[in-house]
Protein chains: 2
Amino acid sequence: MSDELDDVDQALLAALIADARLANNRLAARAGVAASTALLRVRALIDRGVIRGFHADVDPERVGRPVQAIVAVRLRAHDRRHIDAFTSTVPRLPEVMQSFHVAGDDDYLLHVALPSASALREWILDRVTTHPAVAHSRTTLIFGHDTGHTGPLT
Amino acid sequence: MSDELDDVDQALLAALIADARLANNRLAARAGVAASTALLRVRALIDRGVIRGFHADVDPERVGRPVQAIVAVRLRAHDRRHIDAFTSTVPRLPEVMQSFHVAGDDDYLLHVALPSASALREWILDRVTTHPAVAHSRTTLIFGHDTGHTGPLT
DNA sequence: ATTGAAAATTAACCTTG
DNA sequence: CAAGGTTAATTTTCAAT
């Protein structure tokens with residue numbers, strides 16, 4: 001697999017991280033290459049797996065889910081079947097915006113967004129606490145969340 | 001502030017969350033409206049703040065930063081000036097992919113990506129542990145990270 | 001608020017340096 | 001691997017419903 005990103009690739013990535021909908025000719029101008037080159041380069045970046053996709057960033061508060069939390073989950077170490085049942089379903093629930101599989105005391109951190117505190121409580125009860133694979137969970141309310149849109153390297 | 005998303009808005013959002021680069025005419029077809037309508041709707045969603053932006057999703061592993069971690073930071077409650085210095089700078093560092101301002105024992109959770117374990121250790125020392133606003137920090141390694149690309153409501 | 005059609009812009013392909 | 005030129009597709013505007 002090829003790696004190594006040259007300056008043009010870096011410029012393309014930085015521009016697309018900032019604005020995924022940037023038209024290809026403007027993108028090319030920013031990176032200082034011909035439009036056709038930019039097109040090929042971006043396709044190559046996608047094929048190489050450097051770019052995983054392009055997504056709209058939607059504010060959960062504006063779509064009826066103003067309450068966000070981090071739910072730290074510790075699984076019961078036994079019973080592989082239950083654990084698989086958890087890992088293959090819960091992180092993909094629509095309320096889960098992202099999930100981190102982590103080392104340490106907890107096994108998963110779930111970033112969730114729900115319409116209200118009571119909806120959050122019920123969701124945790126139904127989907128987490130009572131799940132057979134879950135040993136323990138701890139919920140931390142999120143006051144604010146910032147996405148860095150961090151570019152590659154520094 | 002206007003809220004209320006009708007079915008067309010929901011369809012547009014779902015499609016753009018899945019693929020921000022979807023051509024406007026295809027987007028319109030999916031939502032069952034004319035291309036010009038889709039364009040106006042999407043602009044309205046942006047103006048209303050429902051859509052915050054469109055971003056390329058870049059794999060940190062492929063851009064030289066394979067080591068990811070959650071750094072939980074507890075600030076010293078005193079000294080407002082130091083706290084402001086922290087909150088206005090550290091979450092915006094390029095190594096920080098996202099930051100959560102949270103309730104509870106910790107004040108911030110920083111999702112960071114770095115080239116190596118030693119780079120992570122040095123970064124935490126330089127930027128977090130030794131920062132005058134920081135009382136304590138605890139680092140959790142990330143084995144895996146999934147983004148749900150969750151659409152609005154369910 | 002939505003539409004359909006015209007005008008402007010852009011993407012994609014292909015040939016050449 | 002990059003650049004320019006040509007065609008096809010797409011975005012955007014606008015008058016009308």
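Below, chain A is the first sequence line, B the second, and so on; all start at residue 1.
Put simply, the residue from A:V102, A:V134, A:T129, A:T139 that forms a side-chain contact (heavy atoms from CB on, under 4.5 Å) with A:V73 is A:V134.
Scanning for side chain to side chain contact (heavy atoms under 4.5 Å, CB included) contacts around B:H145 gives A:Q98, A:F100, B:Q68, B:Q98, B:H111, B:I142, B:T147, with sequence neighbours left out. The salt bridge (charged side-chain N to carboxylate O under 4.0 Å, His left out) search around B:R41 returns B:D6, B:D9, not counting sequence neighbours. Partners of A:D79 according to the side chain to side chain contact (heavy atoms under 4.5 Å, CB included) rule, which considers only residues two or more places apart in sequence or in another chain, are A:R81, A:H82. Residues passing the side chain to side chain contact (heavy atoms under 4.5 Å, CB included) test with A:R138, sequence neighbours excluded: A:A72, A:D106, A:H136. In terms of the side chain to side chain contact (heavy atoms under 4.5 Å, CB included) criterion, B:D105 has no residue partners (sequence neighbours excluded). Residues satisfying the salt bridge (charged side-chain N to carboxylate O under 4.0 Å, His left out) test with A:D146, not counting sequence neighbours, are none.
With a 4.5 Å cut-off between side-chain heavy atoms of Ile, Leu, Val, Met, Phe, Trp and Tyr, the cluster of A:L125 takes in none.
The phosphate of D:dT10 (OP1 or OP2) has a side-chain N or O of B:N25 nearer than 4.0 angstrom.
The aromatic rings of A:Y108 and A:H101 lie parallel to each other, their planes meeting at an angle below 30°, with 60° marking the opposite boundary.
For DNA chain C, the contact window with chain B, defined by any atom under 4.0 Å from a protein heavy atom, covers C:dT2 to C:dG4 in 5' to 3' order.
A heavy-atom distance below 4.0 Å to DNA chain D is reached by these residues of residues 31-41 of chain A, ordered by number: A:V33, A:A34, A:S36, A:T37, A:R41.
In this structure, A:R21 reaches neither bases nor backbone, as no heavy-atom distance under 4.0 Å exists between it and the strands shown.
A straight line from CG of A:D9 to P of D:dA2 spans 9 Å, rounded to a whole angstrom. Straight-line distance from the CZ atom of B:F54 to the P atom of D:dT11: 12 Å, rounded to whole Å. The distance from atom CZ of B:R43 to atom P of D:dC14 is 11 Å, rounded to the nearest whole Å. If you take CZ of B:R26 and C1' of D:dA8, they are 13 Å apart, rounded to a whole angstrom.
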Worksheet item: So what does the secondary structure string of DNA chain D come out as, 5' to 3', with Watson-Crick or wobble pairs under 3.5 angstrom, [ ] for crossing and | for pairs with another strand?
Response: ||||||||||.||||||
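Under the 4.0 Å criterion applied to side-chain N and carboxylate O atoms, B:R74 and B:D107 are not assigned as salt-bridge partners. Between B:R43 and B:D47 there is no salt bridge, since no side-chain nitrogen of the basic residue lies less than 4.0 Å from a carboxylate oxygen of the acidic one.
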Might you list the N or O atoms of the protein lying below 3.5 Å from N or O atoms in nucleotides 15-17 of chain D, with each pair's distance?
none

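Among pairs with a residue in residues 18-34 of chain B, none fulfils side-chain hydrogen bond (donor to acceptor under 3.5 Å, both in side chains), at least two apart in sequence or across chains.
The shortest side-chain heavy-atom distance between A:L16 and B:F54 does not fall under the 4.5 Å cut-off.
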